[in-house]
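Since we're looking at a predicted model, the values are computed, not measured.
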Amino acid sequence: MSTVAGVTTQQQGFVRRAGADSAYVLAGFPIAVVTFAVLVAGFAASVALLPLGVGVFVGAGTMLVARLFADIQRLRLRSLTGRLRPIYKSSNGNVWQRALRVLGDVQSWLDLIHGIIAFPIAVITFSIMVTWWALTLAGLSYFAWDWALPRGPDNQTLAELLGFGDSPAARIGFYTVIGVVALLTLPLIARGCAALQTSLTRALLTGVAEMRNTIAGLRDQREAAVSAEATALRRLERDIHDGPQQRLVRLAMDISRARQQLDEDPERARSTLDEALGQTRDTLAELRSLSRGIAPPVLADRGLPAALAAVAGRSAIPVDLAIDDDLAERRPSPEIENAAYFVVTEALANAAKHSRAGRCEVTVVRVARVLGVLIRDNGIGGAHISKGHGLAGLADRVRAAGGRLAIASPPGGPTEIRAELPA
């Protein structure tokens with residue numbers, strides 16, 4: 001039963017897709033005709049009037065009209081692919097400066113070129129689309145109007161010319177087969193025609209914007225990585241200075257004092273050495289804790305589930321841990337594992353310091369190609385990235401890994417930290 005339902009849903013998806021592609025192609029033809037006529041006339045007029053100086057303003061106006069038509073095409077494209085609108089140059093200054101700025105905008109020229117080149121492609125795809133729909137509808141409905149066609153003694157049908165005969169049954173069967181074949185191939189034809197139009201629209205009307213958006217995203221990701229590493233280094237320096245470094249200073253002083261006491265008061269020297277030994281153990285424990293925060297060996301050796309289980313076991317707040325079993329077998333990349341580990345450890349550390357929570361829930365799941373991390377506590381809430389507490393560095397670390405971080409922490413709680421990382 002479920003198989004039949006799945007096939008039916010897939011068929012409905014094909015029908016909807018074919019309808020959307022056909023509507024996109026058919027509606028694009030009149031838009032392309034109007035766009036071509038207006039832009040060619042405007043461009044020709046601007047070139048002709050250029051010696052008089054008026055051509056600059058006519059050309060700028062033509063570019064603005066091309067931008068309007070391009071926005072219409074991007075709006076149509078967005079319904080299929082969700083593409084974004086590019087950013088044009090600002091038009092500040094006097095009339096001459098505005099006109100020259102419009103004429104100097106690369107995207108405006110791409111809009112104009114698209115309006116001209118899209119016309120022949122729209123003519124071709126529109127003709128193919130109309131022909132295929134005509135074959136489909138005419139072939140499937142031929143049985144209903146075959147009787148109404150006038151036939152003279154010298155008329156020969158296509159079925160008769162191909163040797164199928166001229167009987168009503170032969171004609172109806174022949175044209176019905178053509179209609180069925182056209183219907184079965186209609187989704188592919190519609191997809192191909194729509195793809196031909198959308199590929200040109202994407203290349204000229206959104207390609208530059210997408211490239212700029214990608215560059216901006218990579219720049220932001222690089223800056224986030226630099227910021228995250230700088231924050232981590234400052235934190236490590238502070239932790240070493242406040243912890244192990246102070247203990248090592250104390251250890252050196254204790255050993256020096258024990259050395260002076262060794263001849264005069266051996267028992268007191270022994271007591272001082274015992275204190276120094278305790279300082280050594282505490283220093284080693286703090287160094288191990290710091291190393292776990294940087295790159296825990298268990299994460300590299302056994303994967304994210306084992307590392308997070310160790311974190312949950314050491315947490316000052318009881319933690320309910322739920323992790324996908326396959327993360328130990330099909331492990332994400334080391335960068336993503338480190339980022340997920342850092343998210344959980346930092347969130348639990350912040351919860352222990354600031355949330356007054358009595359319990360935390362940590363959930364790590366992989367859905368498709370996204371690794372989702374959710375940390376939820378029942379504390380007092382009020383956490384925000386701008387308020388610090390390590391959350392700003394946490395956001396930078398997630399962005400540096402190409403992911404997204406969302407924090408919901410209303411006053412009174414609960415606090416939810418969600419991270420989505422590429423996996």
| Worked verdict on Phe69 versus His114 for side chain to side chain contact (heavy atoms under 4.5 Å, CB included) | CA-CA 10 Å; Phe69 285 121; His114 175 270; over 6 Å; no
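Contact annotation: the side chain of Asp320 never approaches that of Val362 to less than 4.5 Å [non-hydrogen atoms, C-beta and beyond].
One finds a salt bridge joining Arg74 and Asp111 here, because a Lys/Arg side-chain nitrogen approaches an Asp/Glu carboxylate oxygen to under 4.0 Å. In this structure, Glu361 does not pair ionically with Arg359, as no charged nitrogen and carboxylate oxygen lie closer than 4.0 Å. Salt-bridge formation is detected for the pair Arg191/Asp21: a Lys NZ or Arg NE/NH1/NH2 atom is positioned less than 4.0 Å from an Asp or Glu carboxylate oxygen.
Under 3.5 Å, the side chains of Thr415 and Arg376 contain no donor-acceptor pair of N or O atoms. For the residue pair Thr125 and Gln197, a side-chain donor N or O sits within less than 3.5 Å of a side-chain acceptor on the partner.
Under a 3.5 Å cut-off, the side chain of Gln73 and the backbone N or O of Ile31 do not form any donor-acceptor pair. Of the possible polar contacts, one joining the Thr198 side chain to the Ala194 backbone as a donor-acceptor pair under 3.5 Å is found. Checked by atom type and distance alone, the side chain of Trp132 never pairs as donor or acceptor with a backbone atom of Ala190 at under 3.5 Å. Although no hydrogens or angles enter the test, the distance criterion places no donor-acceptor pair under 3.5 Å between the side chain of Asp377 and the main chain of Ala351. For Arg404 (side chain) and Leu421 (main-chain N/O), no donor-acceptor pair under 3.5 Å exists by modelled atom type. Looking at Asn378, its side chain never comes within 3.5 Å of a backbone N or O of Ala357 through a donor-acceptor pair.
Residue Leu39 forms a side chain to side chain contact (heavy atoms under 4.5 Å, CB included) with just one option from Ile113, Leu112, Val34, and that option is Leu112.
Using a 30° and 60° split on the angle between ring planes, Tyr142 and Tyr175 fall in the tilted class, from 30° to 60°.
With sequence neighbours left out, the side chain to side chain contact (heavy atoms under 4.5 Å, CB included) criterion links Pro305 to Ile323, Leu327, Ala328.
Leu140 and Phe143 make their closest contact through O-CE2, 3.1 Å (heavy atoms, listed as atom of the first residue, atom of the second, distance).
Annotation: Phe119, atom CZ; neighbour count of heavy atoms from other residues, nucleotides and ligands within 6.0 Å is above 12.
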